[in-house]
2 protein chains.
Amino acid sequence: MWMAELSRLSGLSVPTIKFYLREGLLPAGTATGATRSTYDESHVRRLRLIRALTDVAGLRLDTVKQVLDGIDSAESWHDAVGSAHTRLAGTGEDSAPPTEASLARVDALLEIQGWQLAPGHPQAEILARALDALDEVGHPMSEDMLWFYAHAIRPIAMEEVLWVHSDEHGEEIEADVESAVVRTILTEPVILALRRIGQENVSRQLNEPKPDVPPDMRMWPERDR
Amino acid sequence: MWMAELSRLSGLSVPTIKFYLREGLLPAGTATGATRSTYDESHVRRLRLIRALTDVAGLRLDTVKQVLDGIDSAESWHDAVGSAHTRLAGTGEDSAPPTEASLARVDALLEIQGWQLAPGHPQAEILARALDALDEVGHPMSEDMLWFYAHAIRPIAMEEVLWVHSDEHGEEIEADVESAVVRTILTEPVILALRRIGQENVSRQLNEPKPDVPPDMRMWPERDR
DNA sequence: CAATATTGGACAGTGGAACTATCCAAGTGT
DNA sequence: ACACTTGGATAGTTCCACTGTCCAATATTG
């Protein structure tokens, strides 16, 4: 297919696709002359992936590029997801580094969990930085709470890794790597949304045991559908 | 204290603080004349809160403003968190609306969970949009997986709400509301970081039962500390 | 074969977000 | 008296993610 159809199928304008080509986010098509190239289904998929990572996961384009490069060059699931997580660390990273105290807390937590992480792991730093932020605003996370989160999240991570490994039937390593990375990233909004929905529900069940709430009490605008 | 000291204590430049004042993120100080105002500890706290929400939670300034306004005007925990979640919906929201199919999936899931949410709830739409994104990139989330996530996250939300309610001793509603909202938001990076750390650990334990990994196999740069 | 449309490539321009800088007149401290 | 600080207003900067324009080469259509 040509550029025009690629634009039509992806829903993106031709200038935007050209921009992604320039930025190295989309591989070039097959040149059929000096001023013409053809594209295929892989380009459509790549464009959809770029938009999902930016629009839904909220990644920036340079992060998307690093994640995509990581997928293309990864040798294994562990490589790819680790690499993707490292790239993801960059999100909003012009703030202060974490304190030694919270880094020590994180190390201790991982120790108790039986998890070994080399010092300086980007996610450990993000975690420590978040604990610092809670301290700084005067709402520190207690050791109990942190412990609870670690234990509650552990089975999620466990199950996710097992899903991927049970999907591995020997071949299609490329597809598996992409699948693992993309699922890992795009599931983040799913988890956060489920948590927010759950909180509101539990809270409402505690606050309003009576089910007769006037419709004007609702806090979000009505959707027309 | 004066502007200069507020700047020193918060670590933000005077022009930046002036900018936050203009944007309505920081309440004005107490005017002591036409060209002078004094600020207090509450202004320092507010500035730290703004930076935590932008740097750590990745919120945009207009979202921060809505969250802060919600805290200041909320009557109850449920109000405040619900309002904050509604404001948070705006993150990355110029993309397509969710499909009817995924909205129906979400409705069914909530039904099974025993959760009642009015149609059009922003978090339900975010969830549906994320499911659509997974479909679009060719890695759909199975019903089993979605069900698993919902069940795994439910106790987290439950515990979190119970923590807040056990903290409520009658007064200091303002502080409780802020605490609940700030904790809810700033815990999101904690949860995501724990999940990523957990995944890498489970994955490594499956991939490399032998603990003698050469140091050049590590995928993140060494930190000097 | 001629007229019209499309493409790749280069480059400049736009709009939003979050600051950052400059001015100035009113006021403060010494 | 006089340098210094502040509030208020306005303009400028940087980064990001596009968007628009131009042109020569090439396809497509008549």
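Each chain gets a letter, A, B and so on, in the order the sequences are listed, and its residues count up from 1. Atom set for the values below is all heavy atoms of this structure, side chains included, hydrogens, waters and symmetry mates excluded. Everything numeric here is computed off the predicted structure, so don't read it as measured data.
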Under a 4.0 Å heavy-atom cutoff, the residues of residues 29-44 of chain B touching DNA chain C are Thr32(B), Ala34(B), Thr35(B), Arg36(B)
Sorted by position of nearest nucleotide on DNA chain C, 5' first, the leading residue of Trp2(B) and Asp62(B) is Asp62(B)
Compute whether any side-chain donor of one residue and acceptor of the other, for Arg183(A) and Thr187(A), lie under 3.5 angstrom apart. no
Here the distance between atom C1' of dT5(D) and atom CG of Leu6(B), to the nearest Å, is 15 Å
Item to complete: Check whether the side chains of Tyr149(B) and Glu160(A) place a donor and an acceptor atom closer than 3.5 Å, and report yes or no.
Response: yes
Outermost contacting nts on DNA chain C, any atom under 4.0 Å from chain A heavy atoms, listed 5' then 3', are dT6(C) to dC11(C)
In numerical order, the residues of residues 7-26 of chain B whose heavy atoms come under 4.0 Å of DNA chain D are Lys18(B), Arg22(B)
State whether Arg46(A) and Asp72(A) are salt-bridged, where the test is any N-O pair (Lys NZ or Arg NE/NH1/NH2 against Asp/Glu carboxylate O) under 4.0 Å. yes
Val56(A) side chain near Ile126(B) side chain, heavy-atom distance below 4.5 Å = no
Taken to the nearest 0.5 Å, the spacing of Tyr39(B) OH from Leu26(B) CG works out to 7.5 Å
When rounded to whole Å, the CE to C1' distance for the pair Met3(A) and dA25(D) reads 16 Å
Looking at Glu178(A) and Arg45(A), is any side-chain nitrogen of the basic one under 4.0 Å from a carboxylate oxygen of the acidic one?
yes
Separation between CZ (Arg60(A)) and OG1 (Thr54(A)), nearest 0.5 Å, reads 13.0 Å
| task | Indicate whether the side chain of Arg51(B) and that of Tyr20(B) have a donor and an acceptor atom separated by less than 3.5 Å. | result | yes
Taken to the nearest 0.5 Å, the spacing of Leu61(B) CG from Gln66(B) CD works out to 11.5 Å
* Asked: Less than 4.0 Å between a side-chain N and a carboxylate O, is that true for Glu188(B) and Arg196(A)?
  -> yes
